Structures are given as C-alpha cells and as structure tokens.
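Predicted model only: the values in this text are computed from it and were never measured. Residue numbering restarts at 1 for every chain, and letters A, B, ... go by the order of the sequence lines.
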Amino acid sequence: MEKGKFYITTAIAYTSRKPHIGNSYEIVLTDAIARYKRLQGYDVFFLTGTDEHGQKIEEYAKQAGVTPKQYVDKVAGEIKGICDTLNTTYDKFIRTTDDYHEKTVQKIFKKLYDQGDIYKSEYEGLYCTPCESFWTESQLVDGKCPDCGREVKKAKEEAYFLRLSKYQKQLEEYIEQNDNFIYPESRKKEMLNNFIKPGLQDLCVSRTSFKWGIPVTFDDKHVIYVWIDALSNYITALGYDPDGSSEQYKKYWPADVHIIGKDIVRFHTIYWPIMLMALGEPLPKQVYGHPWLLFGDDKMSKSRGNVIYADDLVKLLGVDAVRYYLLAEMPHANDGSITYKTIIERYNSDLANTLGNLVNRTIAMSGKYFGGTVMEPVCEEEVDNELKTAAKSMVENVDKYINSYRMADAVEAVMSFAKRCNKYIDETTPWALAKDESKKGRLGTVLYNLLESIRFIAVLLSPFMPDTSKAIFEQMNCNVNSYDSLSSFGALKPGSVVGTPTPLFARIDSEKMLAEIEEAQKKAAANEKTIEEIEGVAKIGIDDFAKVDLRVAEIKDCVPVKRAKKLLQLTLDDGTGKDRTVASGIAQWYKPEQLIGKKVIVVSNLKPATLCGVESCGMILAADCAENDVKVVFVDGMPNGAKVR
RNA sequence: CGCGGAGUAGAGCAACCCGGUAGCUCGUCGGGCUCAUAACCCGGAGGUUGCAGGUUCAAAUCCUGUCUCCGCAACCA
C-alpha cells in the first residue's frame, strides 16, 4: 500500500564524547516513528548522523594527543555503534566530515554570499588577549575577563554574517500560519515572543579563531561556523546541490519532521528556516522538540560510576527492554527520569508478567488442548466482542498517540490491551472448558481470539520492540504481520500450527541485579579515582608554595550575598587592623551565625575579584569531605594575623 | 522582584488549554484461580489536588497573592 513519502531526521550528535543513555533516547524515539510509518506503508527515509566540527573537538583532540579527524572517527564510530546496538533502522548516517557534505556546504555558503544574504563584517566584542576569547558585556566580571580577571579591550574580528533580519517578517508569518510547524505549542510561543518578535540579529556564521571546520572557499582565514555546517546535513544527505539536486532530494525534501531536543528548537525553527528561505527551498513541515531523560536525583558523573550507557544496559536486559523502557518512561511534556530500580520494575511487571506471560500461557494452552492447531472460531459469545472492541481501539489509540509523539501513551495502549487479554482468559476459563468435551468448540474459539489478539499486539509492537515482535510471530508460527491485517479481527488463519512456548522475558531478581550493579559502579568509581590520583596534581617546589601567604583570621561578621545562592560575605580580622572582606561559596553548608567568632585560615595575597557585586580579597580554606559536602578548616588559639606555613 | 518549568494517594504520572462525581501504573492489604514466567483475575485501604484568598450554582482546572522544589543565567577566589 503506497502512502507517499515520509522524511524524518534526528539531530546529528556532537562527537565530543560517547553519548549516555539519555542522549540515545532521541534515536529510539525517531526509529519507533520511522518503523511505524513504514509499517503503515509510507516510503520512509530516516536520517541520523554526527556533527564533527568545532573548537571543542579541536581541543579534546589536542588533549588526547590525536588529530581532530582521528578523534571524531573514534567517537562517531561509538555513536554509530550505539545506534546499531539499539537496532535502529536509519537509512543514512551522515557525518559532517563527509566529503560530499563539506563540498555542498561550501557551495551553499558561496551562494548565500553571492546573493547578498551573507555579508562580511566585523564581530565586535571585548577581547581578552591572554585568553584569546571574546566576551559580551554581561559576561564580564567587574568589567574584567571572567576567566583570568585581567583587563579586556574592545576588539574587532572579521566575520561573515547571515542576514536574519531580512527574513524575519516572512518567518513570523510562516510560523503563525502553519500551526503545526513548531511542536509542542508552548515552544512556538517561546520562539515568537522571546526571539522573533523582539527582532532578530544577524547571525555570525564564520570563525577565524579555530581551524577545525569547513573552510570558506573564497576566504581561507575563515571556517564555517556550526549553523550552516550542521543544519545543512538535512539536505546534503539527500543530495541537495545549489547547482542541481539529486532525484532523491526532490523526492524526499521537505522533511516531514525534524526530531530534536528541546534545547535546540531555536536553531531549527529560526536559523534553519531562514537558511532555506534564502536558498529558495521549501521549509520542513514540522519540528518536534522533545524533553530530556534525566537520571533519578543524581547527575551522572564518571567519578561516581553512575554513568549509564545504552550498550551496557542492552547487555543487561536486551535491546527491546531498553527500547521499551526509553519509550514508556518518557513523559510527553516533562523531562523523564531513569533509575535502575524503575527499569527493572517495568521490565518485570510489563514485559515479563503482562506481555511475556500472556504469550506464554496462550501458546502453551494451544499446544496442550489442540496440539498447537489454530481452531476455527465457531462458537462466539458476548465477551468476545468486548475483546474485539478493545483490539480495535488499541489500533486507533496507537495511531493517534504516535502521530502526536506520545510514545509512552502508545506503548501503554498496547500494554493495557495485553491486560485485557489476561482478563479475557479469566473470564473464559479455558482450563475449565477443556474438561468438558462438549465445550471443545468454545475452547477453540477462545484460543483463536487470544492468538489473534496476540497477533495484533505483535504487529503494533514491531515499531517499539522489533525483536520481540518477531519472536512472537515465530512462536505463533505465523507471518500475517502487515498493518492492513489489523483492519478487521480475524486475519489469523485457522489450521496453522503454533510452535512451542518460550518465555520472551525472563523475570529478573531485582535485588540481586541491583546489588550487582552497585558493585560494578563501585568498581568503576574506584577505577576513575585511581586515574585521577595518578594524573593528579603536578609537584611544586618550596618557592612556589612560598608565594602563597596564609594567615589566621577571625570572622567578625558574616552575611549572605544577595542575588547569589552560594555566597556568604565574610568580614575578617586578619591582624592588620583593617577589615578584610572575603566572599566564600559555602552558603549551602554554613549559616552566618555558625561562623561568627570562629578563626579560619585565609589566603591573604590572592588577587581581589568581584563576585555578585562583592569585592572579595582572599579566600578561606575548606575541605571537600565528600561529593557535595564541604567543611571549613577552623583553627583555635592562634593570634589573628599569624602566618601559616 | 533574572528567565523558565513543576507541586495531585507511599512512589511515578494523567486530567488543567475548553470548570461539573480526581483517574492510571507500581507498591501495599484481602480474596479468587491454576492454563502460565511465585505469574494471572477481582476487591479494599490510601488524596480537604503545596498554602491563602477571589470569581462561580460548581474550581485540580480560571484569577490574585504566597511558599517550596527543579532546570538555565549569575555565582562557588
């Protein structure tokens, strides 16, 4: 059944480091939609890939002692590996370092320049020479460089700009007239009110401060900055060319939907459409900004050993369980949260108990009562209609939910139908029917209805859990798996013979697995720590230490710094007779009254700096006792101003 | 008053735009069943929807105020 084309993309992943499971959500979400559309008969093109240029990568590569290209090759390989591990069916994996991409981007840049949409000007800012960085007025700390505290001066850097202002009106109209362009709705308001209506500033699209990028062909000091490079991937991948595009491009563009994280909605709904307008190409039909998947209450960090990678999770639970979890646990509007405990709970209750057990018991009964033969449904009863109605509404609901990107609800719709099937077994009590030879017809009908229901489930599950879907069809020894076969209840052919039941998902001993995971995390954390210690801190000489002037001082007064969450302003008596003011980031751990009167050690010759409007002269010593636990070093019985060494 | 999001049963969420008996999953307690993976089915307990006002016949839902939490920004000298 031909339904037309469907072009869907993920954002391309930045190759700075291996992505954790939260980053992998997007590819699974997109894959589920792509698979569903294919199932329905659309001619789908699904694009994903990697964004590989930029200063950060240049720096990471340098740190790692490899070339940028070597660096991105490695990370892009890891990212692609994860996509494959998660069993995603992208049609193309683009890398922004691909030759054809770079060439086309250069052409795009040139074209926009030639037609006047890109112009050369100067990037004006405040420059810190030692740091080689530009800062904006608001970034400065007390009018000085936020990194090193030195003076900055006004400086100009040559750069190319994209004329956003020219297309502002046009974009605003487009967004307002195309209700579904930015989804969900709340993001649309955000874009219009916060960025577009106040007026768009022309966008800086080139850099001279680093080299790892696509060079501007007609001005080799410059490389093309992220926007034109990265966003263009959606069209270069298809074979767009300003001098004449491929058939594939003509067929698939414009994209039906770009699936992206909520943090980059702005780039995809403002910069990208304007680039396309300037190129004279049609705009994507929709941009969906999805929420993020977070980790319980803790942020993941390597040193705590709680980073979760998709491939580790897959080893533990299998691909489909991971896919299922990602899709089911993610709320539609808010950020989701992930913990091992909830993963295992969901696995046991939904996959093992509800779904796996349903399939298992049904096929087992088929084998036991009819030698596996699927019987003709000859003896219908009223309850059967309820089951059939439920099957039908599952099909409708899944469609409705997927089309509005409510994957958790779509998956839930399938699961609640599985529950309905389990209930049907209780209502019809096949084991009781089996004891009565005269009820054989009814028993066959009940099992037929169950098998057909499971077939419905298997078909609709295929976008979410492809392997499981396949396994169910294999166990049923059935190949009627088209979407069209769901148009009416009863496509399963009587007379066929089901296979032997094998549990789809073995139950997990939650406590045991959690204990094992904790063990592994401890090990990982310990490893990470050792590395830190070895790499540790460089040795210094006595003369270096002598440069630091430490003094005993008494805290005479202490008040919180307004507008700052973490700062306390301390007034110290350091024996000089003059008050010394120090701002310290310990508000989280100490109340002012706990500090007044105490003696501490202060680094007295630290260069003053202004923090949240308070001039801080020096710092007091405190110890990091644990993650998120800091204790000030208090001393006792020493005169104010005494030198510490 | 920097920007934004959120506060609903023990936990996680839905309903909020477009007021009308607060629903789902997990957990818990009791019962049932035995085909099945200690699974499945039924029932109970558990919420004055953060707090205080207002509008209304009627407020989780609309309005005002207030408290708390979480992101981002600024800041841990």
Side-chain angles (χ1 to χ4, degrees), chain A residues 138-141 146 149 184-187 189-190 193-194 262-263 291-292 294 296-297 299 328-339 341-342 344-346 348-369 406 408-409 412 415-416 418-435 443 446-447 450 501-509 561-568 570 581-589 602-622 624 628 630:
Chain A
S138 60
Q139 285 175 308
L140 296 184
V141 174
E185 172 89 19
S186 56
R187 309 251 166 247
K189 287 187 187 134
E190 206 174 294
N193 296 337
N194 293 341
K262 61 180 183 179
D263 55 328
W292 290 116
L294 308 173
D297 356 293
K299 274 274 160 69
E329 196 64 25
M330 192 68 163
H332 173 244
N334 302 316
D335 289 342
S337 137
I338 177 173
T339 64
K341 196 161 173 255
T342 55
I344 295 172
E345 264 170 22
R346 262 219 127 87
N348 277 339
S349 78
D350 290 2
L351 299 182
N353 295 354
T354 301
L355 176 67
N357 186 41
L358 169 69
V359 173
N360 196 245
R361 66 200 295 212
T362 302
I363 291 180
M365 281 192 280
S366 259
K368 201 170 196 170
Y369 302 139
R406 303 177 80 104
D409 291 325
E412 157 76 23
M415 226 33 84
S416 69
K419 280 169 189 270
R420 184 63 191 81
C421 293
N422 276 322
K423 185 175 175 172
Y424 178 77
I425 295 179
D426 260 53
E427 287 167 342
T428 53
T429 58
W431 53 91
L433 297 172
K435 287 176 186 152
L443 178 60
V446 164
L447 286 175
L450 281 168
T502 319
L504 293 168
F505 300 95
R507 276 183 65 83
I508 289 172
D509 182 337
V561 177
K562 54 182 170 180
R563 300 197 68 236
K565 252 187 254 175
K566 298 183 179 174
L567 291 179
L568 291 180
L570 309 172
T581 300
V582 168
S584 183
I586 52 172
Q588 217 178 322
W589 301 282
V602 59
V603 181
S604 67
N605 62 338
L606 197 66
K607 215 185 287 178
T610 302
L611 306 167
C612 279
V614 176
E615 178 160 54
S616 176
C617 307
M619 67 183 274
I620 63 168
L621 300 189
D624 283 322
N628 230 0
V630 170

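Only the P atoms considered, G65(B) is 23 Å distant from A58(B), to the nearest whole Å. Using P as the reference atom, A22(B) and A45(B) are 14 Å apart when rounded to the nearest Å. C29(B) and U68(B) have their P atoms separated by 37 Å, given to the nearest Å. Straight-line distance between the P atoms of C69(B) and G30(B): roughly 39 Å, to the nearest whole Å. The same atom, C1', is picked in G5(B) and in C18(B); the two are 23 Å apart, to the nearest Å. For the C1' atoms, the distance linking G10(B) with C17(B) amounts to 31 Å, nearest Å. Nucleotides U64(B) and C70(B) place their P atoms 25 Å apart, quoted to the nearest Å. The separation of G50(B) from G44(B), taken at their C1' atoms, amounts to 28 Å, rounded to a whole angstrom.
Position along RNA chain B of the nearest nucleotide to W431(A) versus A418(A) favours W431(A) as the more 5'-ward residue.
Residues S584(A) and I620(A) share a closest heavy-atom pair of OG-CG1, 3.8 Å.
Pair assignment for A73(B) gives none, since no Watson-Crick or G-U wobble pairing has each distance under 3.5 Å. Pair check for C18(B) finds none; no Watson-Crick or G-U wobble contact set falls under 3.5 Å. The pairing partner recorded for C62(B) is G54(B), the criterion being a Watson-Crick or G-U wobble arrangement whose two distances lie under 3.5 angstrom.
Between the P atom of U37(B) and the CG atom of D509(A) lies a distance of 18 Å, rounded to the nearest Å. Between the CE atom of M365(A) and the C1' atom of C40(B) there is a distance of 10 Å, given to the nearest Å. Computed from coordinates, the M619(A) CE to C76(B) C1' distance equals 10 Å when rounded to whole Å. Distance E345(A) CD to A39(B) P: 13 Å, rounded to the nearest Å. Atom C1' of nucleotide C26(B) and atom CD of E412(A) are separated by 12 Å, given to the nearest angstrom. The CD1-C1' distance, from I425(A) to C41(B), rounds to 10 Å in whole Å. In this structure, CG of D409(A) is placed 13 Å from C1' of G23(B), rounded to the nearest angstrom. A straight line from CG of D350(A) to P of C13(B) spans 16 Å, rounded to a whole angstrom.
Residue N357(A) places a side-chain atom within donor-acceptor reach of the base of A36(B), judged by atom type and a 3.5 Å distance cut-off alone.
Using a 4.0 Å heavy-atom distance criterion, N360(A) is classed as a base contact. Note on F505(A): a base of the nucleic acid sits closer than 4.0 angstrom, heavy atoms only. Within the nucleic acid shown, L504(A) comes within 4.0 Å of at least one base atom, counting heavy atoms only. Across all strands shown, V582(A) has heavy atoms under 4.0 Å from sugar-phosphate atoms exclusively, and none from any base.
Of the side-chain N and O atoms in K368(A), one or more sit less than 4.0 angstrom from OP1 or OP2 of A36(B). Considering only side-chain N and O atoms, K423(A) lies under 4.0 angstrom from the phosphate OP1 or OP2 of C42(B). A sub-4.0 Å separation between OP1 or OP2 of A39(B) and a side-chain N or O of R507(A) is present.
Out of C26(B), U37(B), A77(B), the shortest distance to the side chain of P503(A) is found at U37(B). When each of A15(B), C40(B), A39(B) is scored by its nearest atom to the side-chain atoms of R406(A), the top-ranked nucleotide is A15(B).
Under the rule for a side chain to side chain donor-acceptor pair (under 3.5 Å), the partners of Y424(A) that lie at least two apart in sequence or sit in another chain are D384(A), N449(A).
The residues R420(A) and E427(A) are annotated as salt-bridged, a charged nitrogen and a carboxylate oxygen being separated by less than 4.0 angstrom.
Here W431(A) contributes atom CH2 and R361(A) contributes atom CZ; the two are 6.5 Å apart, rounded to the nearest 0.5 Å.
With F505(A) as the partner, the side chain to side chain contact (heavy atoms under 4.5 Å, CB included) test is satisfied by one option alone out of N360(A), N357(A), L355(A): L355(A).
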